[in-house]
Amino acid sequence: MTAGVREEPREAVRPRTPRRLPLPTLLALLVGSAGVGYRLALLFADVPPTNSDEATMGLAALHIARGDGFPVWFYGQAYMGTLEAYLAAPLVALAGPSVLVLRLPTLALYALFLLLSWRLTRRLGGDRWYALLVVAVLALGADRVVKNQLIAGGGYPELNPAGAALALLTVGLCVTGAGARLPRWAAWGLISGVLLWVDPLILPYVLTLGALLVARRWRELAGRAGVVLAGALLLGAAPMLVDSIRHGRNPVAAVLAAGGTGSPADWADRLHGALVLGPPLAMGFCSPGRCATWQLWWAVAFPVLLVLAALTAWHTLRRAPGRPGSAERVSAGVRLALLGGAAGVLGAYAVSNAAGQTPIESSRYLSCLAVAVPALLWPLWQAARRPAVRVAGVAAVVVLAGVLGTGVAATVDVVRTAPAVHAEADRHRSLVDTLGALDVRNVRGGYWTCNRLTYATGENVLCAVVDDDLSPGFDRLPAYRREVAADPDAAWVAQAGSPLAARLDERVGAESGALDVVTVAGWRIYLPRR
């Protein structure tokens, strides 16, 4: 019966061919990895330079790691939550205080932002090559961009991944037949609540994406979904709400007051800072600390592209066939919401005093414009892929090449400044070592010296802030001032060549009560004569 039937050995069964990643996806992975690797290399080179504000977040992480306190707000103010400190606290507990361990969570947040932006681009209808373009734009790292992404100074590193996550969740909640939705509603509410606590700068995106959800899913929101969303939002904002109730604080008023102090800025200065300097700085087109004239071309292109992308999304939303929950119409609606959020962020910045008073440094308030990149560049990509419209296609290719070329040039400028930044960090480490060798435990110094020094020493050296005239300055942790005031041997620390150093040099001499000075590279330590 079995004659002539040959049994095949099991080894002869052909194995399945491993599925390969499509070329643009593989390239996106490589480009994204290069962007993360570039930033990791910057961290090891002490770039971007740290400061006392970042060190304040580090001190919060140190206190959390030790169990000495669990701060809700950035020390010394009633706004800007301390999420970055809680993320860094386990690393600080394991490895001790350093700028590197403080920034490793922010680097992870950046990597998450790249991944979410790639996924968002694909969900919004972009092909793999367009997703590669978006990742390439976001992988570039100019001065202001890497500062926003890597410095753990409060709020900025977590805004962009949270915004991209909200947009992705919105797509999933709006598409017909998305399956079980309650976990997504809970995630949307939780992220929104956390953002309200951490930093309300991204609120325009929350409002526009939320408005889209209400328009598309109002029946769901009238039921269990609305209850779940509200409960998750309250849970995410719980630190802010509980603290406000306990201490009678108003974080909204604190945020509004932080939009520029002193006399109101002139409207011409505000508009120049917001509309001329703001978009190029936020997009990563400018050199460290300044914008050259040729780098300002994006100030003209950005509003034109914003309007063009909004009109394109609106046209698709109105003309696309199918049910309201169809993928094409949902994609257009989410793109329109992202563009509306970007316009809201820019508008809120334009009316603030900060845009006119400190436009270069305050451009960090526009960091979350990057969330809208998948929607912003979409018309350019469509035009570039349509050879029939030759003039528009050529113009689109030129603009896209300008985006990448200008971003690359600004990124190279950051690399060029790295040795100088690293040398300054080495000088600060020498200062820390010298204070340890001198057995100095308490010092007085300028604002940008004090908390940086205290964090670098793990609170082995406490510092009280003084102004250039030696009067008491702004201490974010008043307990340090009390400790320093109780020490008759407290020293003074100032950068060489600073106004504070010049004032202290007047007290150096042989007479009784004078100060002795110890010089360290870039620093001067003033010791009371014993």
Side-chain angles (χ1 to χ4, degrees), residues 49-89 92 97-99 102-103 106 147 151-157 197-199 239-240 243-244 246-247 249-251 253-255 257-262 354 358 361-362 364 428 431-432 435 441-487 490 492-495 498 500:
T50 188
N51 55 49
S52 273
D53 280 349
E54 183 175 28
T56 299
M57 190 66 75
L59 289 169
L62 185 64
H63 298 159
I64 294 166
R66 292 175 176 171
D68 293 339
F70 300 94
V72 172
W73 303 115
F74 196 78
Y75 286 132
Q77 58 194 45
Y79 65 96
M80 201 158 66
T82 49
L83 178 62
E84 291 163 20
Y86 285 92
L87 294 177
V92 172
S98 72
V99 176
L102 195 56
R103 291 179 176 179
T106 65
K147 285 179 178 177
I151 293 178
Y156 307 107
W197 164 48
V198 170
D199 198 323
M240 174 184 71
D243 182 82
S244 298
R246 288 181 59 191
H247 300 99
R249 293 171 175 165
N250 185 349
V255 169
T261 57
T358 54
E361 183 59 31
S362 296
R364 65 185 186 275
H428 192 269
L431 170 66
V432 171
L435 289 172
R441 292 291 177 262
N442 295 290
V443 300
R444 296 178 177 88
Y447 176 84
W448 296 109
T449 297
C450 269
N451 281 0
R452 181 185 179 188
L453 182 58
T454 301
Y455 174 67
T457 63
E459 292 189 310
N460 288 328
V461 175
L462 301 183
C463 185
V465 178
V466 294
D467 293 330
D468 291 340
D469 60 0
L470 308 187
S471 62
F474 174 46
D475 288 286
R476 289 191 175 275
L477 290 100
Y480 292 167
R481 175 166 297 280
R482 293 191 291 270
E483 290 283 343
V484 174
D487 182 4
W492 303 75
V493 174
Q495 282 190 310
S498 66
L500 179 59

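Worth saying up front: this structure is predicted, and the values here are computed from it rather than measured. FYI, the numbering just counts along the sequence from 1.
- Arg66 meets the salt bridge (charged side-chain N to carboxylate O under 4.0 Å, His left out) test with Glu459; sequence neighbours excluded.
- Considering OG1 of Thr56 and CG of Leu477, their distance stands at 7.0 Å, rounded to 0.5 Å.
- Here the closest heavy-atom approach between residue Gly445 and residue Cys463 is recorded as N-SG, 3.7 Å.
- When every heavy atom of Ser52 is checked against every heavy atom of Cys450, the shortest pair comes out as OG-N, 3.8 Å.
- Side chain of Asp475 to backbone of Ala464: no donor-acceptor contact under 3.5 angstrom is found.
- With hydrogens and angles ignored, the 3.5 Å screen pairs no side-chain donor or acceptor of Tyr156 with any backbone N or O of Asp199.
- Taking Asp53 as the reference, Asn51, Phe74, Tyr447, Trp448, Arg476 meet the side-chain contact (heavy atoms from CB on, under 4.5 Å) condition, with sequence neighbours excluded.
- Annotation: side chain of Pro71 is in contact with side chain of Ile64 (closest heavy-atom distance under 4.5 Å).
- A search for salt bridge (charged side-chain N to carboxylate O under 4.0 Å, His left out) contacts involving Arg103 returns Glu54, not counting sequence neighbours.
- Contact annotation: the side chain of Leu435 never approaches that of Thr457 to less than 4.5 Å [non-hydrogen atoms, C-beta and beyond].
- Nearest heavy-atom pair, Asp467 versus Pro472, reported as atom, atom and distance to 0.1 Å: OD2-O, 3.6 Å.
- Between Ala456 and Val432, the closest heavy-atom pair is CB-CG2, 4.0 Å.
- For the pair Thr449/Leu500, no side-chain contact is recorded, criterion being any heavy-atom separation below 4.5 Å from C-beta on.
- Between the side chain of Trp197 and the backbone N or O of Leu83, no donor-acceptor pair lies under 3.5 Å.
- Residues satisfying the side chain to side chain donor-acceptor pair (under 3.5 Å) criterion with Ser98, sequence neighbours excluded, are absent altogether.
- Interatomic distance, Leu462 CG to Arg482 CZ, rounded to the nearest 0.5 Å: 11.5 Å.
- When atom types are taken as modelled, the side chain of Asp469 and the backbone of Ser471 share a donor-acceptor pair closer than 3.5 angstrom.
- Leu102 and Ala61 get closest at one heavy-atom pair: CD1-CB, 4.4 Å.
- Pairing each heavy atom of Ala65 with each of Ala89, the nearest pair is CB-O, 3.5 Å.
- Residues forming a side-chain contact (heavy atoms from CB on, under 4.5 Å) with Ala55 (at least two apart in sequence, or on another chain): Asn451, Arg452, Tyr455.
- In this view, Tyr75 and His63 satisfy the ring-ring contact (aromatic ring centres under 6.0 Å, His included) rule, not counting sequence neighbours.
- For the pair Met240/Trp73, a side-chain contact is recorded, criterion being any heavy-atom separation below 4.5 Å from C-beta on.
- Looking at Arg481, its side chain does come within 3.5 Å of a backbone N or O of Val465 through a donor-acceptor pair.
- Note that CG of Leu470 is 10.0 Å distant from CZ of Arg444, once rounded to the nearest 0.5 Å.
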